[in-house]
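Report on one structure; see the data block that follows.
Here is how names work: the chains are called A, B, and so on, in the same order as the sequence lines, proteins then strands, and each is numbered from 1.
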2 protein chains.
Amino acid sequence: MKDIKHFLRQNSLRPTKQRVIIANYLFDGVNKHVTAETLSNKLLKMKAGISLATIYNTLHDFYEKGLLKKLMINSERIYFDTNTEHHHHFYSKKDQKLIDINVDMKVNGIPKPPKNKKINKIEVLVHLDN
Amino acid sequence: MKDIKHFLRQNSLRPTKQRVIIANYLFDGVNKHVTAETLSNKLLKMKAGISLATIYNTLHDFYEKGLLKKLMINSERIYFDTNTEHHHHFYSKKDQKLIDINVDMKVNGIPKPPKNKKINKIEVLVHLDN
DNA sequence: ATATCAGTTTAGAATGATTCTAATGTATTG
DNA sequence: CAATACATTAGAATCATTCTAAACTGATAT
């Protein structure tokens, strides 16, 4: 991504040093799945010196602006996905790793939702192992 | 369920007072989705006087024996499902409520899993709202 | 029955991810 | 460049869950 500062401003986010570093990493064109922890590790390697609190704040700020998707895969941590298009996932518990499924999948036979409720979105998680 | 003690023994679980109470509630024939918290509240109402630690232990013991399914729906708590058959769910975030989908659903168009991995199970979560 | 002992329960401490607090720093606006 | 609204931060707080280790109880052998 070329002009991260402009990109952040477009999304009503002040382009602070920390946000620029994080956005540059997250939105480099390669879709990623990160947790606060994995992002923190990556930033440590880059010697970015960004506090954990800011990492959490930034992930949530980006999420609020629709730049990230939140994935509830397991109860140990929250995953954020830079691919905000509707899509599904493979998940390997063993490797604690998510893989995007970017092809169209159809779910047939969904029953009627309960009264006064409507379907918001359908999430398919394909569990892998070995 | 008629003979809970026998049922527990069959599953290599000692039928302690606490387990009998919890199993009687969980396996009464009506499928349930519980968290440690909702189960604790229910037991408090019954004045069962079972400690939180035991509730956690028991849920895990039952899970280990395959009597419960674990559902990873959100990162705030772990859901246990008394329906251990393969099935899917509606989920209303607003109501923090899960509803079983017991009809057969087919997911078409699943791509090949990565090398050396095979598909273990497919989980469909239908998010509701309003 | 009763003693024995492995398996259970429990209160309270520990853990670990996340959120909060409130003090300090910084981007933006005029 | 001064004012101020918004951000960052270290460390404390929170909350679900797990751990600890002491007290208890169901099963088994006598």
Original post:
Partners of A:Arg77 by side-chain hydrogen bond (donor to acceptor under 3.5 Å, both in side chains), sequence neighbours excluded?
Top reply: A:Gln96

**OP:** Using the test side-chain hydrogen bond (donor to acceptor under 3.5 Å, both in side chains), find all partners of A:Ser40 that sit at least two apart in sequence or belong to another chain.
**Re:** none

Original post:
Within the structure shown, what part of the strands sits under 4.0 Å from A:Asp61 by heavy-atom distance: base, sugar-phosphate, or nothing?
Top reply: nothing

**OP:** Look at all strands and tell whether A:Thr16 reaches a base, only sugar-phosphate, or nothing, counting heavy atoms closer than 4.0 Å.
**Re:** sugar-phosphate

Could you tell me the separation between the [atom1] atom of [X] and the [atom2] atom of [N], rounded to a whole number of Å?
X: A:Ile21; N: D:dT9; atom1: CD1; atom2: C1'; answer: 15 Å
X: A:Arg14; N: D:dA7; atom1: CZ; atom2: P; answer: 5 Å
X: A:Asn57; N: D:dT9; atom1: CG; atom2: P; answer: 9 Å
X: A:Leu13; N: D:dC6; atom1: CG; atom2: C1'; answer: 11 Å
X: A:Lys17; N: D:dA7; atom1: NZ; atom2: C1'; answer: 12 Å

Original post:
Does a side-chain N or O from B:Arg9 land closer than 4.0 Å to OP1 or OP2 of D:dA27, or not?
Top reply: yes

**OP:** Ignoring backbone atoms, establish whether A:Gln18 has a side-chain N or O less than 4.0 Å from OP1 or OP2 of D:dT9.
**Re:**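 Yes, within the criterion.
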
Do any side-chain atoms of residues 51-59 of chain B form donor-acceptor pairs under 3.5 angstrom with protein atoms, and if so which ones, sequence neighbours left out?
residue, atom, partner, partner atom, Å
B:Ser51, OG, B:Thr54, N, 3.2
B:Ser51, OG, B:Thr54, OG1, 3.1
B:Asn57, ND2, B:Ala53, O, 3.3
B:Thr58, OG1, B:Thr54, O, 2.7

**OP:** Examine distances only and state if a side-chain atom of B:Asp81 and a backbone atom of B:Asn83 form a donor-acceptor pair shorter than 3.5 Å.
**Re:** yes

List the atom pairs, with distances to 0.1 Å, where a side-chain N or O of residues 103-114 of chain B and a protein N or O form a donor-acceptor pair under 3.5 Å, not counting sequence neighbours.
none

**OP:** Let me have a per-nucleotide readout for nucleotides 13-18 of chain D, 5' to 3', with B, S or -, counting only protein heavy atoms under 4.0 Å.
**Re:** ---SBB

Subject >> Partner set under ring-ring contact (aromatic ring centres under 6.0 Å, His included) for B:Phe62, not counting sequence neighbours >> reply: B:Phe27

Original post:
What pairs with A:His89 under ring-ring contact (aromatic ring centres under 6.0 Å, His included), at least two apart in sequence or on another chain?
Top reply: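 ring-ring contact (aromatic ring centres under 6.0 Å, His included) list for A:His89, sorted by chain: A:His33, A:His87.
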
Give every donor-acceptor pair under 3.5 Å between a side-chain atom in residues 116-127 of chain B and any protein atom, sequence neighbours left out.
residue, atom, partner, partner atom, Å
B:Lys117, NZ, A:Asp95, OD2, 2.8
B:Glu123, OE2, A:His127, NE2, 3.1
B:His127, NE2, A:Glu123, OE2, 3.2

**OP:** Could you tell me which residues satisfy salt bridge (Lys or Arg N to Asp or Glu O under 4.0 Å) with A:Asp61, sequence neighbours excluded, listed by chain and number?
**Re:** A:Arg19

Original post:
Hey, what else clusters with B:Met72 if you join Ile, Leu, Val, Met, Phe, Trp, Tyr whenever side-chain heavy atoms sit under 4.5 Å?
Top reply: none

Subject >> Nucleic acid contacts - residues 43-51 of chain B versus DNA chain C, non-hydrogen atoms under 4.0 Å >> reply: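 The answer is B:Gly49, B:Ile50, B:Ser51.
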
Subject >> For B:Tyr25 against B:Val34, the heavy-atom pair lying closest together >> reply: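 B:Tyr25 and B:Val34 have their closest heavy atoms at CE2-CG1, 4.4 Å.
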
Subject >> Start and end of the DNA chain C segment that chain A contacts, any atom under 4.0 Å from a heavy atom >> reply: C:dA17 to C:dT28

